[in-house]
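Notes follow the structure.
Lettering follows sequence order; numbering is per chain, from 1. Everything quoted here is computed from the prediction, not taken from an experiment. In what follows, every heavy atom counts, from backbone to side chain, and hydrogens, waters and symmetry copies are set aside.
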Amino acid sequence: MTVAATASETPAEGTVGVGTLLRVLWRSFFFLSATNFERMQNVGFAYAMLPALRRLYRGRALDEAVERHLAFFNSHPYMAGALLGAAVRIEEDIAAGRRQPMEVEAFKRCMMGPFAAVGDSFFWASLRPFGAAWAVAGVLSGVIWAPLAFLLLYNLFHVAVRGYGLFAGHRSAEAIIQRIERIELVRLADRLHIATGLFLGATGALFADRAMRSPVGIGDGLEPFLLATLTVICVLCIKRKMAMPLLLYLFTGGCIALMAGLNALFPLID
Amino acid sequence: MEPATVAIDLALIAACGGLVGLDRRGAFQAMISQPLVAVPLLGALLGQLEVGLALGATLQLLWMSSMLFGANTPPNETLASMVAGGMVLLYGKHIATPDIAVMTIGILLAVPLGPLGRAIDVRLERLNLALSQRALAAVAESRVEIIDRLPWIALGRVFSIHAALIALGSGVGLIVLAAVHPLLDGAVLVAVATAGMYLVPALGLAVAFSLIRRRRGIALGLLTFVAVAIMLDHGGAG
């Protein structure tokens, strides 16, 4: 069926308004809900697009439009806002007969990978460790609201990128790529990695300080050296692809065996 | 230990566990499911905020590398952390104030739930395949309104499984913790406490440091460690 024919059978109700875009934004928060191995986030994408598609199509044309968005889709949930916004804009053009239906599918296919890479690299691998390292250091310093501050900081970026992406995507369609590029998330991610190191260093020193004040402190101020040495050993093991649970059991088991053995030879602890 | 009070607390843990499970994979991804937020939240609900904060901080570092990259399914850090938190917090509320040894045993007992949770996540994704097929069938039958309901079915499953497993794990964990802790003799207890004080944080820091891609970040971390350690030493001495 041609686009013109589809459009003539079910006339478009006009462009998608702010209210509908806000409904798309709300639904985008459930983007990962029905992730599956075959088509990944296709149900989440179609579910989020539905309010906009219902504004643009009726009857068979609506079915065809929904089917377009049930194809394989895999991207980052926060960055999907931009792709949803752009897809809504392209659908408006398709409904008005200015574009071919295949264009929205091609756009999604080309863009989901790069957007996923940017989202994974910035949010999962940079902002989350940075925020968490900062908040862990805060908790160890006695700042009880640090986890709340972490949530606020993180979600400020998260909701801003989702919301900005959706509305900017709707305004600029394919040009959203340049708009997202301008935010320079990749460069910001590099800076966050450096800052994460700073907070992790502070966290290590705070853990050593906690050990010094505990009944199992080894005395003579050696706790920071012990903690640093153990951390380096663990890093080397992780670099050799040893999993955290294995290392945890191995080292704790070794510690118990060593101390129980030493105590059997030189009884110090009752 | 009042069974009725424990049952009420387990119901609270189930509700909280279900909600943070939803945040992790189903809805929002607002990071409420991160151990540093989820465990103190549970601690606040059970009147043990400080224990929740101390445990959440350590668990956050240990599970820092668990990330949803692309199509990969990582270990379920939320399940493992909430069960560890649930059992230790229940122990603190109903038996005795949890010391570092109790927290360490709790972490050790719950760690295998991370990989187990991954297997459950894989199973859930397989079940979601039927939802995808149902969506395609709905379109073929011109009944797109069915798609409005599908994410909620998936969310219901995620909530139920997380709520059930976290409550069950916390309850069983409490029984094991209460049984094991008094059996440990002096040397073993000191060894567990030592592991909790040095090894567990060191491993957590190692996991977190291994995520840093920039060498400058690692160098800065080392410098900060030395500087803060000296500052704290002088502060403590003063």
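Using a 4.5 Å cut-off between heavy atoms, A:M244 contacts chain B through both its backbone and its side chain. Of the atoms belonging to A:L50, it is side-chain heavy atoms, and not backbone ones, that fall under 4.5 Å from chain B. For chain B, the nearby part of A:P77 is the side chain; its heavy atoms alone come within less than 4.5 Å. Contacts between A:A132 and chain B at a heavy-atom distance below 4.5 Å involve backbone atoms as well as side-chain atoms. Heavy-atom distances place both the backbone and the side chain of A:L32 under 4.5 Å from chain B. For A:L198, the parts lying under 4.5 angstrom from a heavy atom of chain B are both the backbone and the side chain. Of the atoms belonging to B:V226, not a single heavy atom falls under 4.5 Å from chain A. Within the 4.5 angstrom heavy-atom criterion, only side-chain atoms of A:R162, from C-beta onward, approach chain B. When heavy atoms are compared at a cutoff of 4.5 Å, A:L206 approaches chain B by way of both its backbone and its side chain. Interface remark: B:I100 contributes side-chain atoms only to the contact with chain A (heavy atom separation under 4.5 Å). Heavy atoms of A:S75 lying under 4.5 Å from chain B are absent altogether. Using a 4.5 Å cut-off between heavy atoms, B:E141 makes no contact with chain A at all. Both the backbone and the side chain of A:D190 come within contact range of chain B, with heavy atoms under 4.5 Å apart. For A:F37, the parts lying near chain B are the backbone and the side chain together; criterion is any non-hydrogen pair under 4.5 Å. For chain B, the nearby parts of A:D120 are the backbone and the side chain; heavy atoms of each come within less than 4.5 Å. Heavy atoms of B:L68 lying under 4.5 Å from chain A belong to its backbone as well as its side chain. Neither the backbone nor the side chain of B:P35 comes within less than 4.5 Å of any heavy atom in chain A.
Of all residues spanning residues 49-58 of chain B, those with a heavy atom less than 4.5 Å away from chain A's heavy atoms are B:L49, B:L53, B:A57, B:T58, arranged by number.
Closest heavy-atom contact between B:F225 and A:P224: CZ-O, 3.4 Å. What you find for A:N155 and B:A30 is that their closest heavy atoms are ND2-O, 2.9 Å. In this structure, A:A34 and B:A154 approach most closely via the heavy-atom pair CA-CB, 4.1 Å.
With chain A as the partner, the residue from B:L61, B:V158, B:L131 showing the most heavy-atom pairs under 4.5 Å is B:L61. In terms of heavy-atom pairs under 4.5 Å with chain A, the best-connected choice from B:V111, B:L129, B:V228 is B:L129. Heavy-atom pairs under 4.5 Å with chain A were tallied for B:S142, B:S210, B:A138; the largest tally goes to B:S142. Annotation: maximal heavy-atom pairing with chain B below 4.5 Å, among A:F31, A:F251, A:F199, A:Y249, occurs at A:Y249. Of the residues considered (A:A116, A:A202, A:A260), A:A202 shows the highest number of contacts with chain B, using heavy-atom pairs under 4.5 Å. Between chain A and the residues B:V37, B:D99, B:D148, the most heavy-atom pairs under 4.5 angstrom are made by B:D148. Each of A:A137, A:A195, A:G204 has some count of heavy-atom pairs under 4.5 Å with chain B, and the biggest count is that of A:G204. Contacts with chain B were tallied for A:E223, A:M40, A:Q41, A:K239; A:E223 has the most, counting heavy-atom pairs under 4.5 Å. When each of A:C234, A:S33, A:A211 is scored by its heavy-atom pairs under 4.5 Å with chain B, the top score falls to A:S33. Chosen from A:R191, A:M212, A:R27, the residue pairing most often with chain B at heavy-atom distances under 4.5 Å is A:R27. Here B:R25 is the residue among B:R25, B:Q133, B:R143 with the most heavy-atom pairs under 4.5 Å with chain A.
Among residues two or more places apart in sequence or in another chain, the ring-ring contact (aromatic ring centres under 6.0 Å, His included) test is passed with A:H76 by A:Y78, A:F123, A:W124. Scanning for side chain to side chain donor-acceptor pair (under 3.5 Å) contacts around A:E67 gives an empty result, with sequence neighbours left out.
With contacts defined as side-chain heavy-atom distances shorter than 4.5 Å, the pair B:V144/A:L53 does not qualify. Side-chain atoms of B:Q34 and A:R128, non-hydrogen and from C-beta on, do get closer than 4.5 Å to each other. The shortest distance between side-chain heavy atoms of A:V43 and B:N128 does not fall below 4.5 Å.
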Please table the atom pairs, donor to acceptor, closer than 3.5 Å between any side-chain atom in residues 191-209 of chain B and protein atoms at least two apart or in another chain.
{"residue": "B:T194", "atom": "OG1", "partner": "B:V190", "partner atom": "O", "Å": "2.6"}
{"residue": "B:Y198", "atom": "OH", "partner": "A:V216", "partner atom": "O", "Å": "3.3"}
{"residue": "B:Y198", "atom": "OH", "partner": "A:I218", "partner atom": "N", "Å": "3.4"}

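In this structure, CZ on B:R215 lies 15.0 Å from NE2 on A:H193, to the nearest 0.5 angstrom. To the nearest 0.5 Å, atom CD1 of residue B:I218 and atom OG1 of residue A:T196 are 11.0 Å apart. Rounded to the nearest 0.5 Å, atoms CG (B:L136) and CZ (A:R39) are 4.5 Å apart. From A:T203, atom OG1 reaches atom CD of B:Q60 across 11.0 Å, with rounding to the nearest 0.5 Å. Taking CE from A:M259 and CG from B:L189, the interatomic distance works out to 10.5 Å, rounded to the nearest 0.5 Å. Annotation: the span from B:L184 atom CG to A:I256 atom CD1 amounts to 7.5 Å, rounded to 0.5 Å.
Within 6.0 Å of CZ on B:R134 lie no more than 12 heavy atoms contributed by other residues, nucleotides or ligands. The local environment of CZ in A:R210 is crowded, with over 12 non-hydrogen atoms from other residues, nucleotides or ligands closer than 6.0 Å. The local environment of CG in A:L152 is crowded, with over 12 non-hydrogen atoms from other residues, nucleotides or ligands closer than 6.0 Å.
Ring planes of A:Y47 and B:W152: perpendicular class, angle over 60° (limits at 30 and 60°).
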